[in-house]
Amino acid sequence: MAKKSRLRTKLMFQRDARVKDTDGFETTSWVDKGERFCSVEPMQGREYWDSHAVLGSQGLKIRTRYDTIIKDVEPDRWRMLNGAVIYDIVSMVNVDLENRWLEFVCVTGTGVLN
């Protein structure tokens with residue numbers, strides 16, 4: 001059974017909608033897919049130190065209720081916004097495969113990989 005989460009942070013989920021310009025170059029623009037209440041927790045212990053050493057950034061666990069709009073998140077094409085703070089999604093898990101909770105591992109900071 002999954003632990004209870006306090007969903008008190010409202011995050012905007014965005015999808016990368018790349019378009020080609022007249023020269024054939026791709027331009028990145030972000031399309032809002034919806035706001036969801038989430039719990040945002042910094043990684044602790046070994047998880048934190050491993051992510052910090054490799055990426056040079058702060059690792060976070062973000063949990064929200066299962067939703068049909070965000071269930072198909074592709075980590076390299078989606079991100080979350082909390083005001084001006086951008087959370088790049090590293091991975092997503094359907095907790096216990098029960099379609100009740102989605103848990104994301106995200107990074108923010110100077111070492112975010114593109």
Side-chain angles (χ1 to χ4, degrees):
M1 184 167 158
K3 73 176 188 175
K4 288 194 172 196
S5 296
R6 294 184 180 165
L7 307 175
R8 49 181 148 177
T9 306
K10 197 173 202 180
L11 299 178
M12 173 61 74
F13 284 79
Q14 293 184 322
R15 187 175 193 290
D16 181 5
R18 296 175 193 223
V19 293
K20 287 191 178 182
D21 60 13
T22 56
D23 298 329
F25 295 104
E26 286 187 346
T27 304
T28 302
S29 63
W30 294 95
V31 177
D32 294 345
K33 292 305 229 178
E35 285 185 314
R36 302 293 180 268
F37 282 99
C38 304
S39 69
V40 179
E41 302 171 12
M43 288 188 183
Q44 300 173 358
R46 182 177 177 153
E47 296 170 331
Y48 169 75
W49 291 111
D50 286 346
S51 68
H52 187 71
V54 174
L55 298 173
S57 61
Q58 175 67 47
L60 301 161
K61 279 188 186 177
I62 297 176
R63 182 179 279 232
T64 190
R65 288 188 178 93
Y66 183 87
D67 189 312
T68 56
I69 293 173
I70 59 174
K71 70 178 177 73
D72 296 323
V73 164
E74 301 169 42
D76 58 336
R77 306 270 318 215
W78 286 67
R79 70 181 186 180
M80 293 177 229
L81 290 180
N82 183 4
V85 179
I86 298 171
Y87 300 134
D88 288 314
I89 301 171
V90 175
S91 66
M92 181 194 72
V93 174
N94 182 349
V95 179
D96 297 330
L97 299 174
E98 293 180 350
N99 294 345
R100 293 182 63 190
W101 295 101
L102 295 174
E103 188 170 274
F104 300 89
V105 173
C106 300
V107 292
T108 185
T110 58
V112 175
L113 300 174
N114 289 329

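These values consider heavy atoms only, across backbone and side chains, with no hydrogens, waters or symmetry-generated copies.
- F37 and Y66 fall into different hydrophobic clusters, where Ile, Leu, Val, Met, Phe, Trp and Tyr are joined by side-chain heavy atoms under 4.5 Å apart, directly or via other members.
- Surrounding CZ of R65 are at most 12 heavy atoms belonging to other residues, nucleotides or ligands under 6.0 Å away.
- Clustering ILVMFWY residues whenever any of their side-chain heavy atoms sit less than 4.5 angstrom apart, transitively, puts V105 in a cluster other than the one holding L11.
- Rounded to the nearest 0.5 angstrom, R36 CZ and K10 NZ are separated by 10.0 Å.
- Of the residues listed (N94, V93, I62), the one engaging L102 in a side-chain contact (heavy atoms from CB on, under 4.5 Å) is N94, and it is the only one.
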Might you work through the side-chain contact (heavy atoms from CB on, under 4.5 Å) test for W101 and T64, ending with a clear yes or no?
CA-CA 6 Å; W101 295 101; T64 190; 5.9 Å; no
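- Shortest non-hydrogen contact noted between S91 and P75 is CA-CG, 4.1 Å.
- A donor-acceptor contact shorter than 3.5 Å is absent between the side chain of D23 and the backbone of F25.
- V107 and V85 end up in different hydrophobic clusters when Ile, Leu, Val, Met, Phe, Trp and Tyr side chains are linked at under 4.5 Å.
- Of all non-hydrogen atoms in P42 and L60, the two that sit nearest each other are CA-CD2, 3.8 Å.
- Put simply, CE on M80 and OG1 on T108 are 11.5 Å apart, with the number rounded to the nearest 0.5 Å.
- R15 contributes no side-chain N or O that, together with a main-chain N or O of V31, makes up a donor-acceptor pair within less than 3.5 Å.
- Between F13 and F104, the two ring planes are tilted [angle within 30° to 60°].
- Expressed to the nearest 0.5 Å, how far SG of C106 lies from CG of N82 amounts to 11.0 Å.
- In this structure, W78 and I70 approach most closely via the heavy-atom pair CZ3-CG2, 4.1 Å.
- Here the CD1 atom belonging to I86 is positioned 7.5 Å from the CD atom belonging to Q14, to the nearest 0.5 angstrom.
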Take Y87 and V40, measure what side-chain contact (heavy atoms from CB on, under 4.5 Å) needs, and give me the verdict at the end.
CA-CA 11 Å; Y87 300 134; V40 179; 4.3 Å; yes
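- Note: M43 CE to K61 NZ = 6.5 Å, rounded to the nearest 0.5 Å.
- Rounded to the nearest 0.5 angstrom, M12 CE and E35 CD are separated by 4.0 Å.
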